Asks: 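Got a structure here, written out as structure tokens. Questions coming.
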Number of protein chains: 2
Amino acid sequence: MTEQTAGSRPTLEAVAAHAGVSRATASRVVNGGAGVRTPLVEKVRRAVEELGYVPNHAARTLVTRRNGAVAVIIAEPEFRVFSDPFFEQQVRGISRELTAHDAQLVLLWVEGPGDHDRIARYLGGGHVDGALAFSLHSDDALPAVIDRARIPVVFGGRPTPGTAPTIPFVDCDNRGGAREAVRHLVGLGRRTIAHISGPPDQTSAVDRIHGYRDVLIDADPALVCQGDFTEESGARAMAELLDRRPDVDGVFVANDLMASGALLTLRERGVRVPEDVAVVGFDDMDSVVRRTRPALTTVHQDIEGMGRLMVKLLMRLLDGTGPEVPESVITPTSLVRRASA
Amino acid sequence: MTEQTAGSRPTLEAVAAHAGVSRATASRVVNGGAGVRTPLVEKVRRAVEELGYVPNHAARTLVTRRNGAVAVIIAEPEFRVFSDPFFEQQVRGISRELTAHDAQLVLLWVEGPGDHDRIARYLGGGHVDGALAFSLHSDDALPAVIDRARIPVVFGGRPTPGTAPTIPFVDCDNRGGAREAVRHLVGLGRRTIAHISGPPDQTSAVDRIHGYRDVLIDADPALVCQGDFTEESGARAMAELLDRRPDVDGVFVANDLMASGALLTLRERGVRVPEDVAVVGFDDMDSVVRRTRPALTTVHQDIEGMGRLMVKLLMRLLDGTGPEVPESVITPTSLVRRASA
DNA sequence: GAATCGACTGAGAGCGCTCCCAGGGTCTGA
DNA sequence: TCAGACCCTGGGAGCGCTCTCAGTCGATTC
């Protein structure tokens, strides 16, 4: 019996032969060695080492029905989602946690509805044990596509109500964070507090408005101006707000990027921050916060931690541990006080 | 949700039975249907449809020894490689081309030397057919790790000489592009042309200096000032250059980001661009070029195309088509003339 | 009309691994 | 010293698919 076939990699069979044990025993050792006597474990380990044995992943998956890979679905309906620092941090958290679980990250990049079929086929094809996706817009058909694949999925961000009710998600406490931001402004003695909101088809934006309204129940509707989460839109919204209500003395902006834009407008108009108008952002995005003048007071969320949490939730789903449909997780936010408010 | 086969998914066997053919015939149809009579093809197709059959990837891989996945190795020895627009574009190109080849992208995120073992094991474990990696710094041990895995690999960017001699790469014509940039400055009648270079442990930076020297053989060494590819370093280098040689009337900067910094310094010092000093960058990075004043003349490279090319090269390696060791590809660059030179 | 040929089809042998189950060895208690 | 209990170990049966190879069947040719 030849031990090592030239060319191809050694198999478990070869390791077993080399160690003088059966394939079953070799397999046990390779998978942790529980229930195998120490001397045999040693022998097998040595054989593995000497032969440079690496388990064949496909063969293992075929019988275990587990392949140790998780898909991360990144949809790019618009400009540069991928290089968004928010995404980067979340994906990093996911990657780290996945590594800790010895699972692999398979990137599924969706460029449009034309890809949905491909994605569905892939997810359904048993290539991955589960998937992580990000809920973006309410008109996105992706959640439905993913749902159809019938594999465990966890969302990053709360999906639009009704889109995917059975899928657990991880989101930060957008509403609570917004409330805290607004209360902080109130606590500072501000009387006329405006809100620059994000696009209404994203739940995070909607939740943040709700948080604002929770505190300021009777606020003048003219005090809410909508942006689209970009810096320019924040600048524009701030200008409009200033025109509508020159008496504004506090602004809660739905994200840091727009807050940065708002700060620019305020400076241009000669409005002092925080003396005349106090500004609070949301996200505590490092790359933005570092460069605003004055330093931005904002609502911090642990983005990387949310990524890790998504993986943990998914792993629980895969293990079958915990409740059948694990409840979603809302992570806490905290206000970071800097100079702008 | 719907009923569908309780528990496990239908197998080829089931499809065959449903269609009244053998497993072999069903397999042929699923894999293109060549050599099967039309009525049978129809029958099998219908069975596949009705049963919602999806091939089991692991089983297929087990016998074909091909798994249709390619690893993209992203090393992050420093701050935010991932959200770098350069990377984003390249990865997008890779992703698109991979999809066109029906292959899957597996992301391998390397966070440090501690991960090397994991990566090596993964690459060697038959999880992927090949790998794509980016050569970053000369002191990086990653190329060696990858080389040891003995699977087809293609690099993005030329590796440091001696690191991985047998691995093909895709790089743009850094030297030629640099030469064109400098010649353009010469053609503009500039006499004292400086160069702001990148970090010397990256081949792209080295090649660009070489290109500069190719044209300006006798240039004063004081005309070359080193940066680290960041905007700030470009600003600093420009300041130093101005101090050393106030008579400078042209600068070739090794990348756009540093060029943007240089432009800032020039403006601060009241030096007119391009009247007093003409500036040429490198990369034609959209996000940078769009915001410089004046608009930056720069050397364009097709980054997404390079990503696609990496995949094409790898596919050729996997197919066994073409030469045993395919030669690397150097993509052309082109000068984009804008206002700064 | 029979022989030859070519085009399809299907049976069966694995790919490399895990896991069930029976059998053998060892250890303990009487 | 021997039976019974308990551990280990190894044989063997697949996991679902591809692929070779032999066999079938209709068509073509003389």
Side-chain angles (χ1 to χ4, degrees), chain A residues 1-45 47-48 51-69 121 124-127 129, chain B residues 5 7-45 47-48 51-69 102 121 124-127 129:
Chain A
M1 171 162 321
T2 53
E3 274 185 2
Q4 174 140 14
T5 330
S8 68
R9 279 203 300 267
T11 68
L12 232 209
E13 187 78 54
V15 172
H18 195 85
V21 299
S22 77
R23 206 175 53 241
T25 300
S27 172
R28 283 186 199 103
V29 174
V30 169
N31 290 293
V36 179
R37 230 169 312 207
T38 319
L40 284 196
V41 172
E42 288 299 319
K43 263 203 238 173
V44 174
R45 290 254 160 85
V48 166
L51 264 39
Y53 169 76
V54 180
N56 180 308
H57 184 240
R60 183 176 276 177
T61 297
L62 185 57
V63 29
T64 60
R65 279 130 196 304
R66 275 284 229 123
N67 55 28
R121 213 163 347 109
H127 296 70
D129 295 331
Chain B
T5 339
S8 63
R9 274 197 272 278
T11 69
L12 232 208
E13 188 78 55
V15 172
H18 196 85
V21 299
S22 75
R23 206 174 53 242
T25 299
S27 172
R28 285 188 197 101
V29 173
V30 169
N31 291 292
V36 179
R37 229 169 311 205
T38 319
L40 285 194
V41 171
E42 288 300 318
K43 263 203 237 172
V44 174
R45 290 254 159 83
V48 165
L51 264 40
Y53 169 76
V54 180
N56 180 307
H57 184 239
R60 183 177 277 176
T61 297
L62 185 57
V63 28
T64 58
R65 278 126 198 304
R66 275 286 227 121
N67 56 28
D102 234 356
R121 209 158 356 102
H127 295 72
D129 294 331

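All chains are named by letter (A, B, ...) in the order of the sequence lines, taking the proteins before the strands, and each is independently numbered beginning at 1. Everything numeric in this text was worked out from a predicted model, so none of it was measured.
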Asks: Figure out the CG/P separation between Leu12(A) and dC19(C), and round it to whole Å.
Replies: 12 Å
Asks: Between the axis at one end of the helix from dG1(C)-dC30(D) to dA30(C)-dT1(D) and the axis at the other (five pairs apiece), what's the angle to 10 degrees?
Replies: 40°
Asks: Among the nucleotides dC17(C), dT18(D), dT18(C), which one has an atom lying closest to any side-chain atom of Tyr53(A)?
Replies: dC17(C)
Asks: In this structure, how many angstroms lie between the P atom of dC17(D) and the NE2 atom of His127(A), rounded?
Replies: 12 Å
Asks: Please give me the minimum heavy-atom distance between Arg28(B) and Val36(B), naming the atom from each residue.
Replies: CB-CG2, 3.7 Å
Asks: Could you go through nucleotides 5-15 of chain D and list every protein N or O atom that sits under 3.5 Å from one of its N or O atoms, giving the distance for each pair?
Replies:
from, atom 1, to, atom 2, distance (Å)
dC8(D), O3', Arg37(A), NH2, 3.3
dT9(D), OP2, Arg37(A), N, 3.2
dG10(D), OP2, Ser22(A), N, 3.0
dG10(D), OP2, Ser22(A), OG, 3.4
dG10(D), OP2, Thr25(A), OG1, 2.8
dG10(D), O6, Arg28(A), NH2, 2.6
dA13(D), N6, Arg23(A), NH2, 3.1
dC15(D), O3', Arg65(A), NH2, 2.6

Asks: How close do Arg23(B) and Leu12(B) get, heavy atom to heavy atom, and via which atoms?
Replies: O-CD1, 3.7 Å
Asks: Can you list everything that forms a ring-ring contact (aromatic ring centres under 6.0 Å, His included) with His18(B)? Sequence neighbours excluded, please.
Replies: none
Asks: So which atom in Val21(A) and which in Ala26(A) form the shortest heavy-atom distance, rounded to 0.1 Å?
Replies: CG2-N, 4.1 Å
Asks: Minimum heavy-atom separation for Leu51(A) to Pro10(A), with atom names?
Replies: O-CG, 3.3 Å
Asks: Only pairs under 3.5 Å count here: list side-chain donor-acceptor contacts from residues 52-60 of chain B, not counting sequence neighbours, and write none if there are none.
Replies:
from, atom 1, to, atom 2, distance (Å)
Asn56(B), OD1, Ala58(B), N, 2.8
Asn56(B), OD1, Ala59(B), N, 2.9
His57(B), NE2, Asn67(B), O, 2.9
Arg60(B), NH2, Asn31(B), OD1, 3.4

Asks: Nearest whole Å is fine: how far is dG16(D) C1' from His57(B) NE2?
Replies: 13 Å
Asks: Enumerate the salt bridge (Lys or Arg N to Asp or Glu O under 4.0 Å) contacts for residues 29-39 of chain B, please, sequence neighbours excluded, ordered by first and then second residue.
Replies: none
Asks: Got a sec, which residues hit side-chain hydrogen bond (donor to acceptor under 3.5 Å, both in side chains) with Ser22(B), two or more places apart in sequence or on another chain?
Replies: Thr25(B)
